[in-house]
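Per chain, numbering begins at 1; letters A, B, ... match sequence-line order.
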Protein chains: 2
Amino acid sequence: MMRPGMPDSDYPDVRRLALFSEMADEHFNALMRGAYVQNFPQHIELITEGEPSDFLHVILSGAVDLFSVWNGRETSMATARPVSTFILAASIRGAPYLMSARTLEKSRIALIPSQDVRAIFGADNVFARSIVTELAHCYRSVVKTQKDLKLRTSLERLANYLLRQQSRAGGETEFDLEFEKRRLASYLGMTPENLSRAFKGLQAYGVVVQGNRVTITDQQDLERFAKPNRLIDDPHS
Amino acid sequence: MMRPGMPDSDYPDVRRLALFSEMADEHFNALMRGAYVQNFPQHIELITEGEPSDFLHVILSGAVDLFSVWNGRETSMATARPVSTFILAASIRGAPYLMSARTLEKSRIALIPSQDVRAIFGADNVFARSIVTELAHCYRSVVKTQKDLKLRTSLERLANYLLRQQSRAGGETEFDLEFEKRRLASYLGMTPENLSRAFKGLQAYGVVVQGNRVTITDQQDLERFAKPNRLIDDPHS
DNA sequence: CTGGTCGATTGACAAATATCAATCAAGCGA
DNA sequence: TCGCTTGATTGATATTTGTCAATCGACCAG
């Protein structure tokens, strides 16, 4: 592993995160000095659930899948994309990871020792406030996902997912799925076979899929079916 | 509504919560002075999802159901029992509630203005740290619930739920379900009809149910089926 | 006591979802 | 280019779960 000392060139990207953007320079620099940066190839397991959490992770480039396993079954819980942190809660609590993490592609990851995070947290009120905001946001995200899972059928989940992606892509009629369909299926809580059928089922509402490319020919119609709701689908509210 | 000023007699109960137990007296008292306390009858809706969150709620006695609604469907997300807080995340962020809340029985609830919480948060580092700990705990709880939902069948969820309840009840062979079966069903993500059948299905593993009373005649056997896991079922880890 | 109400249970059936096996199609290295 | 591998799709089928209707049973008010 590399020795502490994140390259200065990575500072601005990290600094731009809401979690770090408001804190004092002095404290930010202290955090960065203790951090490692590593480049990982595709399909590397970064974190195994159950292990003690020693680092806060910041993904600088690439993509990371957060997943969980039980009794031989596996499910994708979330995807971390640059630039964002993951497993903040475990770091803060010093508790074991609840999720595993693996790279979906070649990824550049910064590792900030959890003890440093906790130390700076005590020294910098602004940082403390940012952590609270971030944690509250994470919590609300999971609650939304849980509502999605419990209140909707798989077809409805897919329809709303597509609308959210479309919105993320700037509202364009056409956009690309950001990852493999098998992972999307797992994320949405269904099998790959069922995802295929669900896409077919949405043809009736103007959804066309060719490979990774999705076209929404009649957004109104899809929305009438999907009934998106800001308390589930709006990532910011 | 009562005027601010929580009765002094309620102070100790609130103070005992991890969220408030470490903070300075001065700040705690300031929070309490701005708080209201109200007694609510059974089946009163305290909070409606989507509304702005003006108060941090503390349940002093009784029980509160946190639930969500979408497209005419409803699901129970969690139960708040004394003494604990709920909707901390919404209060902190000043964001709309993601869940509704209703009393399950006659309940006594303290309402602490969110703005007071945010003010004291800025003034008291110890309190800030407690909030972070609490939020991280809440986040991890929801992640566990999501793993439970996505990785297990309804029969497995029920089996593990019973083992958790048994543990909560001190590990006794016999214990009572803490709420209506229809709500339990909703909490576990199934219909009441299916819950009935699931209980029957667990007879094969030594589970006996009479009304609200559950007897686990062969814990080993039930555990072999349920395969409890600390990263899903341990509320503390 | 006696209806009446509400939740729990049961059975029959329908819908949703998963599983298994086969095939298809794109990407890639020799 | 040709196989080879991997993921996606499809069809057939099984399992799980939900729905609907009926009944049961506890509790409560009169």
Side-chain angles (χ1 to χ4, degrees), chain A residues 41-43 63 65 67 70-76 102 104-106 148-162 176-204 207-214 225-226, chain B residues 42-43 63 65 67 70-76 102 104-105 148-162 176-204 207-214 225-226:
Chain A
Q42 194 177 28
H43 299 318
D65 182 33
F67 66 99
W70 177 79
N71 193 28
R73 299 167 210 164
E74 177 182 320
T75 192
S76 175
R102 72 163 74 92
L104 288 170
E105 46 190 82
K106 193 163 155 313
D148 189 50
L149 279 170
K150 290 185 77 176
L151 290 168
R152 290 172 170 163
T153 66
S154 58
L155 199 61
E156 289 163 345
R157 288 199 297 278
L158 176 60
N160 281 290
Y161 173 84
L162 293 178
D176 282 322
L177 296 173
E178 53 180 2
F179 41 69
E180 281 183 307
K181 286 182 183 164
R182 59 163 49 194
R183 280 201 56 251
L184 175 57
S186 177
Y187 172 72
L188 293 174
M190 54 178 126
T191 58
E193 292 94 329
N194 248 314
L195 178 62
S196 273
R197 291 172 190 127
F199 272 123
K200 277 200 164 178
L202 290 183
Q203 281 176 9
V207 174
V208 178
V209 187
Q210 295 160 40
N212 268 11
R213 191 126 199 100
V214 177
F225 170 73
Chain B
Q42 195 177 25
H43 299 317
D65 182 32
F67 65 100
W70 178 79
N71 193 27
R73 300 167 209 164
E74 178 182 319
T75 191
S76 175
R102 73 162 75 90
L104 288 170
E105 46 191 79
D148 190 49
L149 278 170
K150 290 186 78 176
L151 290 167
R152 291 172 170 162
T153 66
S154 58
L155 199 60
E156 290 163 344
R157 288 200 296 278
L158 177 60
N160 281 289
Y161 174 84
L162 293 177
D176 282 323
L177 296 174
E178 54 179 2
F179 41 67
E180 279 183 309
K181 285 180 184 164
R182 58 162 49 195
R183 279 203 56 251
L184 175 57
S186 177
Y187 173 71
L188 293 175
M190 55 177 126
T191 57
E193 293 93 330
N194 250 315
L195 179 62
S196 274
R197 293 174 188 124
F199 272 124
K200 275 199 165 176
L202 290 182
Q203 281 177 9
V207 174
V208 179
V209 187
Q210 294 161 38
N212 269 13
R213 192 126 198 101
V214 176
F225 170 73

Check your understanding: So, is A:S196 near the phosphate of D:dA8, with a side-chain N or O under 4.0 Å from OP1 or OP2?
Key -> no
Check your understanding: Looking at side-chain heavy atoms only, is the closest gap between A:L195 and A:Y187 below 4.5 Å?
Key -> no
Practice item. Just call it for A:E180: base, sugar-phosphate, or nothing, with non-hydrogen atoms closer than 4.0 Å on any strand. Key: sugar-phosphate
Study note, to complete from the structure: Separation of D:dT19 atom P from B:L195 atom CG, nearest Å, is 15 Å
Exercise for review: Quickly work out the A:L155 CG to D:dT17 P distance and round it to whole Å.
Suggested key: 19 Å
Point to revise | Identified side-chain contact (heavy atoms from CB on, under 4.5 Å) counterpart of A:L158 within the set A:N194, A:V207, A:L188 | key: A:L188
Review point. Tell me: CD of A:Q203 to P of D:dT10, nearest whole Å?
Key: 8 Å
Check your understanding: What is the distance from CG of A:L177 to C1' of D:dA8, rounded to the nearest Å?
Key -> 12 Å
Check your understanding: Can a side chain N or O of B:N194 be found less than 4.0 Å away from OP1 or OP2 on D:dG18?
Key -> yes
Practice item. Find the distance A:M190:CE to D:dT9:C1' and express it as a whole number of Å. Key: 15 Å
Review point. For B:R73 and D:dT19, what is the distance between atoms CZ and C1' respectively, to the nearest whole Å?
Key: 13 Å
Check your understanding: Is any side-chain heavy atom of A:Y161 less than 4.5 Å from a side-chain heavy atom of A:D148?
Key -> no
Practice item. Taking the side chain as every heavy atom from C-beta outward, state whether A:F179 and A:D65 have any pair of such atoms under 4.5 Å apart. Key: no
Review point. Expressed in angstrom and rounded to an integer, what is the separation of A:E193 atom CD from D:dA8 atom P?
Key: 11 Å
Check your understanding: Nearest-Å distance, CG (A:N212) to P (C:dG27)?
Key -> 10 Å
Check your understanding: For A:T153 and B:F179, take the nucleotide of DNA chain C holding the closest heavy atom to each; which residue's nucleotide lies nearer the 5' end?
Key -> B:F179
Exercise for review: Kindly indicate whether the side chain of A:R197 and the base of D:dG11 share any N or O donor-acceptor pair separated by less than 3.5 Å?
Suggested key: yes
